[in-house]
Amino acid sequence: MRCPCGCGRKIELLLIKEAAPRWDLELDQNGLPSLTPSVWLRDGCRSHFWVRKGKVIWCS
């Protein structure tokens, strides 16, 4: 995915169980994605956000 802040950074999130760190992806009945845990970029734009039901929720 691309960073939702608009910086254009490509974010790769590992979803396979053997990976560390990894994220869990769930799709609701409408196909909208949620990710666990949050996504926190430690460098560059330093964005920190959740994806819940297809929407980006920014952490402060």
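Values below: every heavy atom of this structure, side chains too, minus hydrogens, waters and symmetry copies.
- With a 4.5 Å cut-off on side-chain heavy atoms, Cys59 and Trp50 count as touching.
- Between Pro4 and Met1 the shortest heavy-atom distance is CD-CE, 4.3 Å.
- Side chains of Trp58 and Cys5 form a contact here, defined as non-hydrogen atoms less than 4.5 Å apart.
- Checking side-chain atoms of Arg2 against main-chain N and O of Gly8 turns up a donor-acceptor pair under 3.5 Å.
- Between Val51 and Ser34, the closest side-chain pair of non-hydrogen atoms is not below 4.5 Å.
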List, one per line, each side-chain donor-acceptor pair under 3.5 Å for residues 38-46, sequence neighbours excluded.
unit_1, atom_1, unit_2, atom_2, d
Ser38, OG, His48, NE2, 2.9
Asp43, OD1, Arg9, NH1, 2.8
Asp43, OD1, Arg9, NH2, 3.2
Arg46, NH1, Arg42, O, 2.8

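- Remark: Trp23 pairs with no residue by the ring-ring contact (aromatic ring centres under 6.0 Å, His included) rule, at least two apart or across chains.
- Residues in residues 10-19 take part in no side-chain hydrogen bond (donor to acceptor under 3.5 Å, both in side chains) pair, two or more places apart or across chains.
- A pairwise comparison of heavy atoms in Ile11 and Cys3 identifies CD1-CA, 3.6 Å as the closest pair.
- With hydrogens and angles ignored, the 3.5 Å screen pairs no side-chain donor or acceptor of Asn30 with any backbone N or O of Leu32.
- The shortest non-hydrogen separation linking Arg52 to Leu35 is NH1-O, 2.6 Å.
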